Amino acid sequence: RKLFPFYLILLLLVLILVPVVTSCSDLNLPLDCSDIYNQDSSRPSGVYTIYPIGTTSAIQVFQKRMDGSVNFYRPWDQYKFGFGNAAGEYWLGLENIFHLTQRKKSELLIDMEDFEGNKSYARYTSFSVGPESDGYKLHLSEFNSGGAGDSLSIVSGQKFSTFDKDQDTWVNNCARSFIAGFWFSDCHSANPNGVYRWGADDSLYAIGVEWISWKGRGYSLKAISMKIRPVQ
């Protein structure tokens, strides 16, 4: 009987301390890629997870354009394994995206910004990429929301194409003609990996970083990023 108050006090201490420990742990979680870099600037390029709204919101960025510092006109093997720097312009790699989306059902969020400072997004509640043996085929459904509109569903079911591996449905090579690697049909309404240009410019047809349902043909975006997270 004399031990009862001691155990009661111990239990109360545990209940008080657990939320504190959890909160401290959450504070150390990176909110975006810059947090990862600031925590340890010596980290190599690679796959890192960010948590914008806590432990249940793990998001992985697999594509990012922001300043034109990285050339995205690359051959198949580089799109397969990835290139760029996670702190800057970046492509995670088709093989990594395939494995990530096979583990759990994932949703896709595409954030974008124009050169006037306007921002928009598109969200798809089901996103996955097939194996290389099937051409890293895109599986996309359930366009959910976003002021940018839907420019991607049209290529759901298409294989990935690069200038040295033409898997689109056009008589010519979309990747070679529009200077990018992506999921093309005949050819595109979205070209996130296109040539980085500066806003409205129709002097060269459809080679910019385009999202047609938002800015139309001939406008190259300032920034775009493609992110996935497991569906809760």
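Quick caveat: nothing in here was measured; it's all calculated off a predicted structure.
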Using only atom types and a distance under 3.5 Å, with no angle test, would you say the side chain of [X] pairs donor to acceptor with the backbone of [Y]?
| X | Y | value |
| --- | --- | --- |
| Asp150 | Ser153 | yes |
| Ser220 | Val209 | yes |
| Ser225 | Lys64 | no |
| Thr169 | Ser185 | yes |
| Tyr219 | Trp211 | no |
| Trp183 | Tyr136 | yes |
| Glu89 | Gly84 | no |
| Glu210 | Gly218 | yes |
| Arg229 | Leu109 | no |
| Ser161 | Asp168 | yes |

With rounding to the nearest 0.5 Å, note down the distance linking [atom1] in [X] to [atom2] in [Y].
| X | Y | atom1 | atom2 | result |
| --- | --- | --- | --- | --- |
| Phe62 | Ile97 | CZ | CD1 | 5.0 Å |
| Lys159 | Leu138 | NZ | CG | 13.5 Å |
| Asn191 | Ile207 | CG | CD1 | 9.0 Å |
| Gln158 | Lys137 | CD | NZ | 8.5 Å |
| Gln63 | Asn193 | CD | CG | 5.0 Å |
| Leu108 | Thr125 | CG | OG1 | 10.0 Å |

Hey, any chance [X] and [Y] share a hydrophobic cluster, counting ILVMFWY side chains that come within less than 4.5 Å of each other, even indirectly?
| X | Y | result |
| --- | --- | --- |
| Phe115 | Tyr121 | no |
| Ile228 | Phe143 | yes |
| Phe178 | Ile212 | no |
| Phe160 | Leu100 | yes |
| Val70 | Leu92 | yes |

Phe182/His188 aromatic ring centres below 6.0 Å: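 No, too far apart.
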Centroid-centroid under 6.0 Å between Phe72 and Phe83 rings: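 Here the rings of Phe83 and Phe72 have centres that are less than 6.0 Å from each other.
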Are [X] and [Y] side-chain neighbours, meaning at least one heavy-atom pair lies under 4.5 Å?
| X | Y | answer |
| --- | --- | --- |
| Tyr73 | Arg176 | yes |
| Lys227 | Asp111 | yes |
| His139 | Ser126 | no |
| Ser69 | Asp67 | yes |
| Phe127 | Thr101 | yes |

Which atom pair, heavy atoms only, marks the closest approach of [X] to [Y]?
| X | Y | value |
| --- | --- | --- |
| Asn172 | Asp166 | O-OD2, 3.6 Å |
| Met226 | Leu152 | CE-CD2, 4.4 Å |
| Ser177 | Trp170 | OG-CZ3, 3.4 Å |
| Arg217 | Tyr205 | NE-OH, 3.6 Å |
| Lys104 | Pro230 | CD-CB, 3.9 Å |
| Val129 | Phe98 | O-CD1, 3.1 Å |

Candidate pair Tyr124 and Ile110, rule side-chain contact (heavy atoms from CB on, under 4.5 Å), full reasoning: CA-CA 9 Å; Tyr124 301 84; Ile110 306 170; 4.2 Å; yes
Neighbour count above 12 (heavy atom, 6.0 Å) for Lys222 NZ: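 No, NZ of Lys222 has 12 or fewer neighbouring heavy atoms, counting only those of other groups under 6.0 Å.
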Neighbour count above 12 (heavy atom, 6.0 Å) for Ile154 CD1: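 Not buried by this count: 12 neighbours or fewer within 6.0 Å.
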Gln167 vs Trp76, side chain to side chain donor-acceptor pair (under 3.5 Å): CA-CA, chis, key distance, verdict: CA-CA 11 Å; Gln167 301 191 109; Trp76 178 263; over 6 Å; no
Worked verdict on Lys215 versus Leu221 for side-chain contact (heavy atoms from CB on, under 4.5 Å): CA-CA 8 Å; Lys215 302 300 294 185; Leu221 298 172; 3.7 Å; yes
Ser151/Ser213 under side chain to side chain donor-acceptor pair (under 3.5 Å): CA gap, chis, key distance, verdict: CA-CA 6 Å; Ser151 285; Ser213 58; 2.7 Å; yes
Set of ring-ring contact (aromatic ring centres under 6.0 Å, His included) partners for Trp214, sequence neighbours left out: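 Partners of Trp214 by the ring-ring contact (aromatic ring centres under 6.0 Å, His included) criterion come out as none, since no residue qualifies.
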